[in-house]
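A, B, ... follow the sequence lines: proteins, then strands. Residue 1 opens every chain. What you are looking at is a predicted structure, and each value in this text was computed from that prediction instead of being measured.
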Amino acid sequence: MAEDPFDGAIDAVGTGGVAAQDEVDADEWLRRMRHSAAHVLAQVVLQMFPDAKFAIGPPIETGFYYDFDLPRPLTPEDLSTIQKRMRKEMGRNHAFDWREIPVADAREMFADQPFKQELIDQFSADAEQLGICTHAEFTDLCQGGHVESTRQIGPFRLTNVAGAYWRGDETRPQLQRVYGALFATREELDAHFQRIEEAQRRDHRKLGRDLGLFAFSELVGAGVPLLLPDGAIIRQEMERLIRELQEARGYQEVWTGHVARGELFRRSGHLENYADVMYPAMREDPDDEDPEAYYLKPMNCPVHMTLYNHTLHSYREFPLRYAEYTTLYRYEKSGQLSGLTRVRSLTQDDCHIFITPEQISDEVSRVLELVQTLFETYGMPNFRYELSLPGESGKYVDDPGAWQTAVTALRSALDSAGIDYVEQEGEAAFYGPKADLFVSDAMGREWQLSTIQLDLIQPARLGCVYVAEDGERRTPVVIHRAIHGSFERFLGILIEHYAGNFPLWLAPVQARCIPIADRHLDWAREVAADLRAAGLRVDVDDGNERMQAKIRNGQKRKIPYLLVIGDREVDARAAAVRVRSGDDLGAKSLDEIRALLSDLRRRRAAEPA
RNA sequence: GCCGGCGUAGCUCAGUGGUAGAGCAACGGUUUCGUAAACCGUAGGCCGAGGGUUCGAAUCCCCCCGCCGGCUCCA
């Protein structure tokens, strides 16, 4: 999916439009099967809807899709009909015939296909011949990449139909996209669906419910997560960690509340560039354009800069690092909301660092070190960086020289940290370039967590200055950076990363005492009280169920340690330690248990897995 | 926001025009048991909200809201 399907690979066909299996490698063969399946899909859809306008049908990571403009929405029943007819067509063993024809012929051939006409416009800019591919009665404008015949196409299943804008542009017509999964073998196809099932078990929305971590309420509102006590514990541990790390690195905590006047956001540029995600102004008269109106903060930056302006600063104070852990409010469109990973009230570990231009590279390196330390603590290695640069559009104004300096400094900091990244033109924030860190959730969707942004615009707009060594007043550069991104999203990702099996330091309940019979309750309570006094989160299952049931409940709750207490343990002033993995560590003295758990907690160890 | 699907007990789901159901969870009682489910009982629902059709609506229609998948946009 990484490649732009419109970036025509018309000349990248190499072996030609059709190849035999032994002419290409396995990956290429799979791509060809998938793309060929898309052609059969289009063939069948055209049989069923002769007036259909068809767009594109590329191979993707797990299969293929094809986009259509149809007279009516496809139903799930249609999908299974289409699938049956596709299998039938594949069984007929139609050969794929690929060849090149002159542009003019292509235009004529696809005269009643407006999307194809647009593609012809695009491709004919630098080609006189265009590829077409025919099998059975169906011919498509196509850059090639096919198997020899339909019977060679591997096992597949149509999965869903979804809306998709033509060329990914929401101002253009929305088409119906039919998705299919396709793999080389039946086993791989089955494994694919098993992976999906496994991913669904990891889904933080399900685990959050099952483990009692968070909830949503229609009454409170969409996109506003309610952290239940156990979820709030995890979030508190996350905050505690980042506070420790940041205090150790010279950050100073500030507090600036939740609202600010519109005038501030007008000066910062937010109302001009960011209004679409800001909640509407809070004002007495809705028709009043009065700048006295207040807005919920979508970001902290303008407020932090105003706070900076409270006194005159010297270059000697730099880097000056303001940290705040506060909730911001963004009106995300309803279809964007997704559990904890996309919410409307989000809490950022949001900091603004005031520096001189010369300090950019060093300070970005320090931020990168902080990111690395945090991700190591969580044991999350699977992320990737993106360097977002300004593009052509007029959104990026002001000083082009400063932009260039900033981009160079950001790039060199990433390079010297040995970080791999991809550059994305046109993705910069309105105030500067940025480096973002992305991770994937259980369902394979990517989410941005950490962000490091250079700001070349707002400090000047808000009148930030510092006194330089030569006594002149200059405008500081500001680094905006959030390491978790938002605690909500990061929590969602963490839940999936651990599949709910939090390491001890994060676990809402770190150990549970399980007395076998009521006569063991006193010692169980004593053990719990002792461990609690040592700062551990420990409870006692004093219900009247059998021990087996209590163990089952504790396991389902994913509690790291279950401390089973019967006659032997009471006598020995001990508890039998069962680890979440199911391992039985046997009886251990209270002292040993306290030492074990305290050590894991203190080190924020990854254990128990 | 757009396209499609879906909203019945805390959770997983039955119920297709005629008096709202099951399992698990919860709660009460009995049981006091050695590493993933003891037994009995009780309670729990404006069937997402509002409107309409009908003698009668969880069920059919309209319109909101929410959730899920995708598209577009972003911590």
Side-chain angles (χ1 to χ4, degrees), chain A residues 65 67 70 73-76 78-79 159-179 200 203 205-206 209-210 212 215-223 274 276-277 298-299 328 330-343 346-350 388 427 429 434 436-438 443 445-451 453 480-490 492-493 514-521 543-556 562-569 576-579 582-587:
Chain A
Y65 69 78
D67 288 346
L70 301 175
L74 291 173
T75 63
D78 289 329
L79 224 54
T159 53
N160 58 316
V161 52
Y165 299 105
W166 167 234
R167 290 181 165 253
D169 182 343
E170 67 179 324
T171 64
R172 312 207 59 186
Q174 189 164 48
L175 309 173
Q176 295 191 63
R177 174 171 298 177
V178 178
Y179 280 99
Q200 284 164 348
D203 191 316
R205 292 166 296 193
K206 175 175 168 51
R209 229 195 350 260
D210 293 350
F216 288 91
S217 155
E218 258 187 65
L219 185 57
V220 173
Y274 207 69
D276 54 328
V277 290
M299 291 184 184
L328 305 170
R330 300 181 183 175
Y331 189 77
E332 299 289 348
K333 290 183 281 184
S334 60
Q336 315 285 38
L337 300 174
S338 173
L340 290 181
T341 44
R342 190 69 165 272
V343 297
L346 61 147
T347 311
Q348 286 192 327
D349 50 346
D350 189 20
S388 297
E427 296 298 314
K434 55 180 187 160
D436 296 324
L437 178 152
F438 291 83
M443 305 303 288
R445 289 173 290 223
E446 273 204 331
W447 298 99
Q448 184 185 326
L449 298 178
S450 314
T451 182
Q453 314 181 345
H480 307 232
R481 35 109 312 185
I483 309 300
H484 286 90
S486 85
F487 290 112
E488 288 81 3
R489 175 177 290 178
F490 205 102
I493 296 291
I514 297 185
I516 291 175
D518 284 352
R519 63 178 179 281
H520 310 124
L521 251 176
N544 57 2
E545 287 152 312
R546 294 170 60 212
M547 178 207 59
Q548 282 85 344
K550 292 179 182 179
I551 286 176
R552 180 164 193 268
N553 291 337
Q555 289 282 156
K556 280 174 59 174
L562 299 178
L563 307 176
V564 179
I565 291 168
D567 290 332
R568 297 199 293 270
E569 287 74 22
V577 180
R578 181 190 162 107
V579 193
D583 289 348
D584 185 353
L585 301 187

Does [X] contact [N] through a side-chain donor or acceptor facing the base, at a distance under 3.5 Å?
X        : N     : answer
A:Asn544 : B:U30 : yes
A:Asp518 : B:U32 : yes
A:Glu569 : B:G34 : yes
A:Glu170 : B:C71 : no

For [X], report the nucleic acid contact type (base, sugar-phosphate, nothing); a contact means any heavy atom under 4.0 Å.
X        : value
A:Gln176 : nothing
A:Gly163 : base
A:Asp567 : base
A:Gln200 : nothing
A:Ala482 : nothing
A:Val343 : base
A:Leu449 : sugar-phosphate
A:Arg172 : nothing
A:Ala517 : base

Counterpart base for [N], defined by Watson-Crick or G-U wobble contacts under 3.5 Å:
N     : value
B:G1  : B:C71
B:G44 : none
B:A49 : none
B:G66 : B:C6
B:C39 : B:G29
B:U59 : none
B:G17 : none
B:A22 : B:U12

OP1, OP2 of [N] versus side-chain N and O of [X]: anything below 4.0 Å?
X        : N     : value
A:Arg167 : B:C71 : no
A:Arg205 : B:G69 : yes
A:Arg546 : B:C39 : no
A:Arg519 : B:C33 : yes
A:Lys434 : B:A75 : yes
A:Gln555 : B:A37 : no
A:Gln174 : B:C3  : no

Where the side chain of [X] is defined as all heavy atoms beyond and including C-beta, which of [options] is the nearest nucleotide?
X        : options             : answer
A:Gln448 : B:U72, B:A75, B:G69 : B:A75
A:Tyr165 : B:A75, B:U72, B:G34 : B:U72
A:Ala576 : B:G34, B:C67, B:A38 : B:G34
A:Arg209 : B:C11, B:A36, B:C74 : B:C11
A:Arg342 : B:A75, B:A36, B:G34 : B:A75
A:Gln548 : B:U12, B:A38, B:C67 : B:A38

Under the salt bridge (charged side-chain N to carboxylate O under 4.0 Å, His left out) rule, collect the residues that match up with A:Arg342, sequence neighbours excluded.
-> A:Glu332
Taking the nucleotide of RNA chain B with the closest heavy atom to each, which residue, A:Leu346 or A:Ala549, is nearer the 5' end?
-> A:Ala549
The answer to which of A:Arg330 and A:His520 contacts RNA chain B further toward the 5' end, by nearest nucleotide, is A:His520
Separation of [N] [atom2] from [X] [atom1] (nearest whole Å):
X        : N     : atom1 : atom2 : value
A:Asp67  : B:G4  : CG    : C1'   : 14 Å
A:Phe216 : B:G66 : CZ    : C1'   : 12 Å
A:Asp203 : B:G69 : CG    : P     : 7 Å
A:Lys550 : B:U32 : NZ    : P     : 13 Å
A:Ile565 : B:G34 : CD1   : P     : 16 Å
A:Phe438 : B:C74 : CZ    : P     : 10 Å
A:Arg568 : B:G34 : CZ    : P     : 10 Å
A:Ile493 : B:C74 : CD1   : P     : 18 Å

Rounded distance [0.5 Å steps], CG in A:Leu562 versus CD in A:Gln555 = 5.5 Å
Output the distance between atom CD1 (A:Ile551) and atom CZ (A:Arg546), rounded to the nearest 0.5 Å.
-> 10.5 Å
Pair A:Asp276 + A:Lys333, salt bridge at N-O below 4.0 Å | no
With the threshold set at 4.0 Å, does a side-chain nitrogen-carboxylate oxygen contact exist between A:Arg167 and A:Asp169?
-> no
Run the numbers on A:Asn553 and A:Glu545 for side chain to side chain contact (heavy atoms under 4.5 Å, CB included), then give the verdict.
-> CA-CA 10 Å; A:Asn553 291 337; A:Glu545 287 152 312; 3.5 Å; yes
So A:Tyr165 and A:Glu170, side chain to side chain contact (heavy atoms under 4.5 Å, CB included) or not? Walk me through it.
-> CA-CA 6 Å; A:Tyr165 299 105; A:Glu170 67 179 324; 3.8 Å; yes
What one-letter contact string describes nucleotides 43-51 of chain B from 5' to 3', where B marks a base within less than 4.0 Å of any protein heavy atom, S marks contact via sugar-phosphate atoms alone, and - marks no contact?
-> ---------
Counting distance only, does the side-chain N/O of A:Thr451 pair as donor-acceptor with the main-chain N or O of A:Ala482 below 3.5 Å?
-> no
